[in-house]
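Some notes on the structure that comes next.
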Amino acid sequence: MPEMLEVESYRRLAATTVGRTITRVDAADAWFLKGGLTADQVVDALKGHHFVGDRRIGKLLLLDVDQGPTLGLRFGMTGRLVVDGRTSIDHLEYSSDRDDPVWDRFVLGFTDGGDLRMRDPRRLGGVELDPPTDRLGVDALDLTPAGLRAILGTSEAPLKARLMDQARVAGLGNLLTDEILWRAGLDPSRAAGSLSAVEVRRLHRHLLATLHELGARGGSHMGDLQIMRSRDGVCPREGAALLRRTIGGRTTYSCPVHQR
DNA sequence: CTCGACTCCTGTTAGC
DNA sequence: TGCTAACAGGAGTCGA
């Protein structure tokens, strides 16, 4: 699924459209337009204009327009970005690798004949103009040890749920969070506020290292735990049968031996 | 404010 | 072989 690492690769891909004049806007799927946005509004905002900048906050991709509102793209669980027929990742976990134009929910065409497509089989993503960003926490790559400590605070919520709360830390999804906690040796069901200072520092270190390492490997699904995310999976480190639970509303795999 | 439960979407896959 | 039902999770909403 697209978590912050995938969206970061989408951002780099979308950067290749900066400066190119938009001549065509296909926003026929009304469900895909969010925040009360209509097809007419998004056509008016983009047609004849061009992007001047590309940004990312967590899982939200922002494309600034030369005049007018910023275009916000969310990819949900199964969304891909396709620019000029190219994608930035080969495989998307839980999505389909098929290349079906029926799944193009939002398309921008440029004067040079190229285009930008949001391809989302399950339609959990969406497009918005000037999406509110004040409800997003700090991007996970910018998280400091003190910031993490403040976010965990004295919360009784499960550690994993706290880390996936986009209003506190933006960008971490289910796969990244399981991988980070597995590497840090922390039980995802523990109360967030129960971590010692040493554990918070350890979590912070593994959090950043995991983002950098999996980013270099090519995505959130490239973690060491990933291949064992199945009902009969065993811990790659301990060999113990993995726990499969629902934590924070999401399927969670963890090692009962070394995650404490 | 905090936190869990519920709902939305639909392709894939396990199982009968 | 063909069908059904379970499953996946990002994000918004609602209520205790």
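Letters A, B, ... are given to chains in the order of the sequence lines, protein chains preceding strands, and every chain is numbered from 1.
- When every heavy atom of A:Leu5 is checked against every heavy atom of A:Gly215, the shortest pair comes out as CD1-N, 3.7 Å.
- Comparing atom distances between the A:Trp31 side chain and each of B:dC9, C:dA8, C:dG10 picks out B:dC9 as nearest.
- Under the 4.0 Å criterion applied to side-chain N and carboxylate O atoms, A:Asp54 and A:Arg12 are not assigned as salt-bridge partners.
- Taken residue by residue, residues 134-169 of chain A places heavy atoms nearer than 4.0 Å to DNA chain C at A:Gln166.
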Grab the N/O contacts between the protein and nucleotides 14-16 of chain C below 3.5 Å, and write none if there aren't any.
none

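- Of the candidates A:Gln259, A:Arg245, A:Arg229, A:Arg244, A:Arg244 is the only one forming a side-chain hydrogen bond (donor to acceptor under 3.5 Å, both in side chains) with A:Tyr253.
- The side chain of A:Arg122 places no N or O atom within less than 4.0 Å of a non-bridging phosphate oxygen (OP1 or OP2) of B:dG11.
- Using a 4.0 Å cut-off between charged side-chain N and carboxylate O, A:Asp224 and A:Arg217 make a salt bridge.
- Side-chain contact annotation: A:Asp40 with A:Thr38, donor-acceptor N/O pair under 3.5 Å absent.
- Nucleotide C:dA8 holds its C1' atom 12 Å from the CD atom of A:Gln226, rounded to whole Å.
- Cation-pi geometry between A:Arg105 and A:Trp31 is not met: the NZ or CZ atom fails to fall both under 6.0 Å from the ring centre and inside 45° of the normal.
- A side-chain contact (heavy atoms from CB on, under 4.5 Å) with A:Asp120 is found for one member of A:Trp103, A:Phe75, A:Phe32 and no other, namely A:Phe32.
- The distance between atom CZ of A:Arg105 and atom C1' of C:dG10, rounded to the nearest whole Å, is 16 Å.
- The phosphate of C:dC7 has neither OP1 nor OP2 within less than 4.0 Å of any side-chain N or O from A:Arg244.
- The CD1-P distance, from A:Ile247 to C:dA8, rounds to 14 Å in whole Å.
- Listed nucleotides: B:dC9, C:dG10, C:dG12. Nearest to the side chain of A:Arg123: B:dC9.
- The CG atom of A:Asp29 sits 11 Å away from the C1' atom of B:dC9 (whole-angstrom rounding).
- The CZ-C1' distance, from A:Arg74 to C:dG12, rounds to 10 Å in whole Å.
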> Step by step, would you call A:Ile151 with A:Leu143 a side-chain contact (heavy atoms from CB on, under 4.5 Å)?
Replying inline: CA-CA 10 Å; A:Ile151 283 162; A:Leu143 196 58; 3.7 Å; yes
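- Within the nucleic acid shown, A:Arg250 comes within 4.0 Å of at least one base atom, counting heavy atoms only.
- Between the CG atom of A:Leu71 and the CZ atom of A:Phe51 there is a distance of 5.0 Å, given to the nearest 0.5 Å.
- In this structure, CZ of A:Phe75 is placed 15 Å from P of C:dG10, rounded to the nearest angstrom.
- A distance of 12.0 Å separates CG in A:Leu186 from SG in A:Cys255, rounded to the nearest 0.5 Å.
- Residue order along DNA chain C, read from the 5' end via each residue's closest nucleotide, puts A:Arg231 first among A:Arg231 and A:Lys59.
- Per the geometry, CG belonging to A:Leu61 stands 17 Å off C1' belonging to C:dA11, to the nearest Å.
- A residue-by-residue look at A:Gly249 and A:Trp103 shows that A:Gly249 has its nearest nucleotide of DNA chain B further toward the 5' end.
- The CE atom of A:Met118 sits 12 Å away from the C1' atom of C:dG10 (whole-angstrom rounding).
- Across all strands shown, A:Thr251 has heavy atoms under 4.0 Å from sugar-phosphate atoms exclusively, and none from any base.
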